[in-house]
Amino acid sequence: MGEFSFGRKYRLQHRKEFDRVFASRVRAGDDVLLVYGAPNLLGHPRLGLTVSRKLGKATFRNRWKRLIREAFRLNRRQLPQELDLVVIPRAGVQPQLDRVTQSLIQLAWQVRRKWDRRQRTEEKHPGSG
RNA sequence: UGCGUCUGCCGAGGAAGGCGCAUCCAGGCUUGGCAGCGAGGGUCCUUUGCAGAGGAAAGUCCGGGCUCCAGAGGACAGGGUGGUGGGUAGCACCCACCGGCCGCGAGGCUAGGGAAAGUGCCACAGAGAACAGACCGCCGAAGGCCUCCGUCCCCGCCAAGGUCGGUGGCCAGGCAAGGGUGAAACGGUGAGGUAAGAGCUCACCAGCAGGCUGGGUGACCAGCCUGGCUCGGCAAACCCCACCCGGAGCAAGGCCAAGCAGGGAGGAGGUGAAAGCCGUGAGGCUUUCCGCGGGCUGGUCCGGCCCGACGGACUCCCGGGUAGGCCGCUACCGCGCCUCGGCGCAAGGAGGAGUCGGGCAACCGGCUCCCCAGAGAAAUGGCCAUCCCCCGGUCUUGCCUGCCCCGGGGACAGAACCCGGCUUAUCGGCUCACUCGUUUU
RNA sequence: CGCGGGGUGGAGCAGCCAGGUAGCUCGCGAGGCUCAUAACCUCGAGGUCGCGGGUUCAAAUCCCGCCCCCGCAA
């Protein structure tokens, strides 16, 4: 039953969790979304949202959040596991579910690959971390 | 039938299904590691049943509740409101009425007290702008000068001079009716009057002030009499008058857990009174009162409170810790029962629905029924499939209507302590009353 | 969520409280000076005073309502 669920364990809820993801400086973006990411040890991804007031009024911002959550919920199995994501929508774009889904999956995997490369270079040069 | 004015109201696409969110309750698991505690939190599974955004939730423009500021008291300052009467917990809101302005009209707008308490301002233009003024203009009677004519005096006649009368010009001077300026120029019409004129005088009208009568709770309205003839506008300028207002705000405020480290600077004294104790004594000490001084009271003062010599009330500066949770928070509370955690009853509120009564209305009162989001990186959205509603297109045809099919659309907008209003944004529909015009009968 | 401050030529500001003329510096354009450029001198253009109402004869200014920008904190 839990394949499409979106309980609290799949969300970032505290400032410390957000700060950890932003502090890693690992991100990927296209013209729809900007995604920050950092690996976790939980065995599943987690989602956090940052929607600026510059995007629009409250109803418009809520629509963005709901669509991004829906894209995350319906495609959780296709995302990299063990990754915390913070998703920021771009200004001036009309939110659409298929575009958000496509961007989210692509950008999450880009973040995942950047972390893999960083891990390999740290294994080759263990003193530079 | 067209152009308009206006009253009241409804919905916020609907129905049902799935995924998912999410509130309450019960149980299990867990809390970076180790041992213990667990304010509380997180998560999972199952079950139960019930709720789950708005008319503006918005802007934060007013008014309250609630909480804290020392128990919030008086005066001043400051701020707000501004026709009258009513409604209300209260308001800058609502209703009714009055006055003014606009509109042919139905109607609309209206911060609408006081300018004969005081101060100030009224640019430019214009002659003159506040108890004003004389540019053009009108007059120039009485007064002065000049020109010309007539008359009379002097005289034989003329001239000159003088007297009286007249024509014309200039001046002193008079006037404010007309022109022109301006947003605004000390009333309008007519007659008398005069050198020309003028409320200078009179009649009527308009306006002002005072008084009386009648109507209305009142703002005010109607009528009559008297007066002086005139006395501008701006108080959303200061101000005066009447009424109202202490300040901050749920990030208020209370509590729990965890954690830390403090340091520096400034900072006020009388020997006045009483009592007690010590001392042979000069005197010393303690308490209380008085006086003085310092400080706090989030504008000031009074009032109130705290403190006053090796210890300090209070103020300022530097530095350190926390950024978690609970209550407030939405039905607690009260009463009863009991296994002390719940259950039942009842209550609650400027609450909603219905109904009856009062009132022109806003609104009020009685009765019956209902219990209505409580999240906390923030929930109702989104997606999938079906039907109905709205708009456009297409298909047989010149037009209309209906069906099928295709396409598109359903606005403004998201609770964050809670109410009452206002303002602003915005989709669709229903409805009451009425004006002006056109056509027909 | 609550509370403050501001919007004036291209840029940064004055003027607003006590209403009648929108001003200053830099920049821009033309001319002069110079062999030339800069500097300097002279002249000039450029402003719906955020928007809409109201008060007033008259509003950047006073009053009301909206829009936008910036700041503060338990």
Side-chain angles (χ1 to χ4, degrees):
Chain A
M1 266 317 150
E3 182 181 353
F4 298 115
S5 70
F6 187 61
R8 289 188 189 278
K9 76 174 188 178
Y10 296 109
R11 306 181 208 173
L12 299 183
Q13 293 190 78
H14 301 281
R15 174 152 284 280
K16 281 176 178 173
E17 296 167 348
F18 277 79
D19 287 345
R20 189 176 71 86
V21 176
F22 283 127
S24 72
R25 309 292 298 163
V26 176
R27 65 185 177 201
D30 57 16
D31 54 348
V32 180
L33 299 176
L34 178 64
V35 174
Y36 280 78
N40 63 36
L41 300 170
L42 299 170
H44 58 78
R46 291 193 297 180
L47 178 69
L49 293 167
T50 295
V51 183
S52 167
R53 286 188 66 183
K54 288 174 186 170
L55 263 76
K57 299 197 172 192
T59 46
F60 189 77
R61 300 200 303 272
N62 276 339
R63 181 166 170 78
W64 262 113
K65 292 188 208 170
R66 285 163 178 158
L67 276 173
I68 296 168
R69 283 198 208 99
E70 187 72 3
F72 179 88
R73 182 178 76 81
L74 294 173
N75 302 283
R76 206 179 69 229
R77 292 296 164 87
Q78 299 169 47
L79 290 168
Q81 307 300 304
E82 302 198 332
L83 193 69
D84 285 347
L85 300 168
V86 175
V87 178
I88 303 170
R90 300 282 193 185
V93 181
Q94 288 297 316
Q96 287 178 310
L97 184 63
D98 51 347
R99 293 184 65 188
V100 170
T101 303
Q102 195 181 351
S103 292
L104 181 67
I105 294 171
Q106 273 185 4
L107 297 172
W109 279 106
Q110 283 181 28
V111 168
R112 177 76 255 177
R113 284 193 292 273
K114 286 186 184 183
W115 276 103
D116 291 344
R117 275 200 297 278
R118 178 184 284 195
Q119 204 171 6
R120 279 198 298 274
T121 55
E122 281 174 2
E123 283 169 0
K124 287 177 184 172
H125 310 284
S128 65

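Worth knowing before you read on, the calculation uses all heavy atoms, side chains too, and leaves out hydrogens, waters and symmetry mates. Lettering follows sequence order; numbering is per chain, from 1.
Spacing of P atoms, C:G7 relative to C:G12, comes out at 12 Å, to the nearest Å. Using atom C1' as the reference point in both B:A350 and B:A373, the two lie 22 Å apart (nearest Å).
A close approach under 4.0 Å does not occur between any side-chain nitrogen or oxygen of A:R46 and OP1 or OP2 of B:G42. Applying the 4.0 Å criterion to OP1 and OP2 of B:G382, one finds that A:R63 has a side-chain N or O inside that range. Remark: A:R66 is not in phosphate contact with B:G20, judged by side-chain N or O atoms under 4.0 Å from OP1 or OP2.
The base of B:G20 lies outside donor-acceptor range of the side chain of A:E70, with no N or O pair under 3.5 Å.
A straight line from CG of A:L47 to C1' of B:C21 spans 14 Å, rounded to a whole angstrom. We find that CG of A:L67 is positioned 15 Å from C1' of B:C21, with the value rounded to whole Å. Rounded to whole angstrom, the span from the CG atom of A:N75 across to the P atom of B:C383 amounts to 14 Å.
Of the listed nucleotides (B:A379, B:G414, B:G382), B:G414 has the atom at the smallest distance from the side chain of A:N62.
Base orientation of B:C372: syn, since the glycosidic angle falls within 90° of 0.
Cation-pi geometry between A:R118 and A:W115 is satisfied (NZ or CZ under 6.0 Å from the ring centre, within 45° of the ring normal).
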